[in-house]
Amino acid sequence: MADKVAAQIERLAPVAFDGAFREMTRYHRFLLALGASRDPKGAAFNFAEIAGNAWHAPHKEWIRQYRRLFERAADKLVDDSHFARSLAYVPGRLMPGPGDPEMSPNVLRAILDLGPLLVSRLEAWVTKRTTVETRQGQAAEPRLALAGSDAKAYESAIPDIVGAWESLLHYPRSMYGWRERGERTDVERWAAFRASWPFLWQHLTNTAYCLATAVWNEDETGAALFREALVRWAHAVDHRLDDRAELRHRRLLFPSILELDWPEASAKAAPLGYDYMPPPTPDQLFASVIRGAHDDTVLLTSALLLFWTINEKQASDIGARTARALLSREASDDDHRHTGWEPLSFRSLFLDLLRLEMTGERYRDGSYAAELDHSVAVLDNMTERRVVPGRVFTPSTLHGRDGLLLSDLVILLAHVPDEGDDGLKERITALAHEEDVLPEGDGSLRDILHQLERFHSTLEQPFPALDRGMQLLSPNRDPQRSKARLREIVSEIANAIEEKRRHRLQARPADPANLERLRLAIEEALLTSEVEAPFFRGVEVGRAAESDIAEWRDMTFSGIGKAQLTEPPMESPSSSFEEMLVSGSREMAGRHAWAAFCQRPRIEATVAGRAEEEAFWRDLRPLIQQVGPEPVLVVSRNAEGRALRRFLYAPAADRPGLAIEQRPRAGRGASYIATVEGVDVFGADFRPGEAWLFSAMSLREVRYAETTAPDRHAELTFELGEEMKGTLRVRVHQALKWTDTPTFELKAPDPTVEGELSKPG
């Protein structure tokens, strides 16, 4: 069927084309209805999405046929624009009609992508037919222009193509059952709006893509029309709904609320409104969500187009000019301005940029924040430079919103007031005061502070792109003065937020539930995990018996921020914080065991030479037999330890006549050096010529008696110090059991060596 349609295009037969085209789209709809089904969860699904043994799913193959038709229609644009105009209505022809089954999201997404596909083919046609023109009397700056007949044909067809794309916004009302109020309950009406959101979001982002495509190809006509389409987009949806909700914090309402059923969504939106206003209806709330998503898309698209210009990715300044007109919502009429639209101001721009930092988790699939990043990446992907086959290039495209920082700052610099801050500090201070209404509570404030820090640090650096952008958006401003003014405002706002957070942190105690969670983790590790006492192996751990003699031990962790212990946390929680406390407690408990071992009696013995000499080991043999199994020798790490390490890598001829090997460190610890004559040798902060010989099995048990409360074997307290930091103190009642094997304190015959012991490292 596609071949038949293509043949009519080649023959320039519009009547025959209409018949073949109508037959093709009707059959395509029939196939989609035939494959429509539901998955086990009840969601719409289509069997045409299944690839089976084919390389592509059938539906992708069907969509691919339209690409061929778009290319042929574009080639015939000058001869007869009827083909391109008609093909612009393909998405609408494929939409389900009354009585048709619901269309699956994947199929719907592919159909809506036909719009940008047609536009990209038209832009390719424009690019191939542009000529370089330098107008008489002007500077030698090249301007891209179509030849006369080509320009006339294109300018005649493109309004209908844009109009066909905009007409798709009529379909959600019938497809998803946007009935008149009173025909459905609020729950049913909200469910219908939720179901339509993927359609609307795809159409919105595709409209931005079409605009970006026209701008990238420096198509002035297409850019102007698609810019107006993007500006008018919200109005095309708004007028089918009730007035938007009167919300005190409208910028804190995100599309993520559409994941909730109506009772939950209504409750979540309630704190964002005014106390004296009735709760918003489903129509009002959905209209506000649509408005916010549209504002986000307009702002991000403007920043991206400006980014292309200030980073000199294009020959002309069409990106900056389009961005300026887009931010100002310029259009051929004023009907596009949705209710409550605010004139462009520094405060509104700044708050809109900060809203983007509160959209939620950016790395969770399907989240609104991730969708915004993906949208930026898709738009900028068209700018990837050409590559040479066989060569590797670093990608030059953006992967998310972070890369638009310079554009964001240019937009703010072009509107920063010479005096005051347009009420921005007062507005943000009030927002910081109401932590409960923020999407992530204090986490949202931390995200804002992070972005403000990025603003401030970037403004302190000499980026030529900032000056270029200022010249384009606001040529009469002094760039240096504007930077200084914006830097001052950013600092004042950050300080105001930090002051609110500081007061809140001072009043908020360390959460007992958090402390108890950490205490349980530490207690569990001490009672069940292998003890980390240095030099000892095979030690049993667990609860002490009532008859065991136990000693109180304190283990402290200083410099702990109180913000990590509050609920909700007021500092980004570290994934390793609990792990650090647990491992640190085990290590300190082991060190307490070693300190107790150091207090046990030792037998002094004089040996000939040091550990790196054969005479030393001859004198050691009878002592080794006395200490029992698993003999251990601890020597000075900086003297004998270093000498033994040299032997490990020395040629065989330079080694002493000793059996020296290095066994796996697992179970032995980092201070393990080597195994000499069957004895594991470790390094510690001993004096040269001093060593201890004992059995690694000397410590048999490390157990913990109950503390002040029954069945508690560890206590945890937080002691606040200065600057909102303090000490976490772990207290345990430790009981140790030893074997009766001897410990020998070995001394070399050198009289200058004193036998003073230091704590091992």
Side-chain angles (χ1 to χ4, degrees), residues 141 212 215-216 298-328 344-357 362 372-373 375-377 379-385 393-418 421-422 424 447-495:
E141 181 179 345
V215 171
W216 177 250
V298 168
L299 182 56
L300 286 176
T301 305
S302 303
L304 178 66
L305 301 182
L306 180 60
F307 171 82
W308 290 350
T309 301
I310 65 177
N311 285 278
E312 300 180 320
K313 285 195 169 191
Q314 293 183 279
S316 74
D317 63 350
I318 184 174
R321 287 187 284 109
T322 304
R324 182 172 59 237
L326 194 57
L327 288 169
S328 300
L344 195 62
S345 68
F346 173 74
R347 181 178 67 174
S348 63
L349 285 171
F350 208 114
L351 291 174
D352 285 344
L353 286 171
L354 293 187
R355 165 187 157 89
L356 295 175
E357 300 307 312
R362 300 177 64 172
L372 290 175
D373 279 341
S375 177
V376 170
L379 294 184
D380 194 54
N381 190 54
M382 68 182 70
T383 71
E384 182 64 78
R385 61 178 179 268
F393 288 84
T394 302
S396 62
T397 51
L398 301 174
H399 299 288
R401 291 168 279 149
D402 288 344
L404 299 177
L405 178 62
L406 292 178
S407 299
D408 295 341
L409 286 173
V410 168
I411 292 172
L412 293 177
L413 288 169
H415 298 86
V416 64
D418 293 330
D421 62 1
D422 196 18
L424 180 64
D447 291 339
I448 290 175
L449 286 171
H450 173 70
Q451 184 68 354
L452 293 176
E453 174 58 32
R454 292 182 69 214
F455 283 171
H456 195 275
S457 61
T458 304
L459 289 168
E460 290 182 329
Q461 302 177 49
F463 284 105
L466 292 178
D467 295 338
R468 255 193 314 271
M470 285 282 293
Q471 184 63 31
L472 291 167
L473 292 192
S474 186
N476 297 325
R477 284 177 173 265
D478 179 2
Q480 298 308 317
R481 182 179 178 183
S482 295
K483 288 179 190 177
R485 187 76 194 97
L486 181 57
R487 198 162 54 238
E488 181 182 351
I489 292 173
V490 168
S491 295
E492 290 177 355
I493 293 172
N495 291 336

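For the numbers below, each heavy atom of this structure counts, side chains included, while hydrogens, waters and symmetry mates do not. Along the sequence shown, residues are numbered consecutively beginning with 1.
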>> Looking at F307, is its backbone amide N or carbonyl O close enough to the side chain of N311 to form a donor-acceptor pair, meaning the two atoms are under 3.5 Å apart?
In response: yes
>> I want to check something: taking the side chain as every heavy atom from C-beta on, are L300 and L379 in contact at a cut-off of under 4.5 Å?
In response: no
> Are T309 and R321 close enough that some pair of their side-chain heavy atoms sits under 4.5 Å apart?
Replying inline: no
> Are R468 and Q471 close enough that a side-chain donor and a side-chain acceptor fall under 3.5 Å?
Replying inline: no
>> When you compare the side chain of L413 with that of R477, does any pair of heavy atoms fall below 4.5 Å?
In response: no
>> Please check this pair: side chain of S328 against backbone of A325, looking for a donor-acceptor N/O pair closer than 3.5 Å.
In response: no
> Short question: side chain of Q314, backbone of L305 - any donor-acceptor pair under 3.5 Å?
Replying inline: no
> Quick check: does any side chain N or O of N495 sit under 3.5 Å from a backbone N or O of S491, one acting as donor and the other as acceptor?
Replying inline: yes
> Among D422, L412, D408, whose side chain to side chain contact (heavy atoms under 4.5 Å, CB included) with L349 holds?
Replying inline: L412
> Which atoms form the tightest heavy-atom contact between L472 and A320, and what is the distance?
Replying inline: CD1-CB, 3.7 Å
> Can you find a heavy atom in the side chain of L326 that is under 4.5 Å from one in the side chain of L299?
Replying inline: no
>> Donor-acceptor check, side chain of S474 to backbone of M470, threshold 3.5 angstrom: yes or no?
In response: no
>> Checking the side chain of S348 only, and the main-chain atoms of L344 only, is there a donor and an acceptor separated by less than 3.5 Å?
In response: no
> Does the R481 side chain pair with the main chain of D418, one donor and one acceptor, at a distance under 3.5 Å?
Replying inline: no
> So, the side chain of Q451 versus the backbone of D447: is there a donor-acceptor pair under 3.5 Å, distance only?
Replying inline: no
>> Any non-hydrogen side-chain atom of L405 less than 4.5 Å from a side-chain atom of F455?
In response: yes
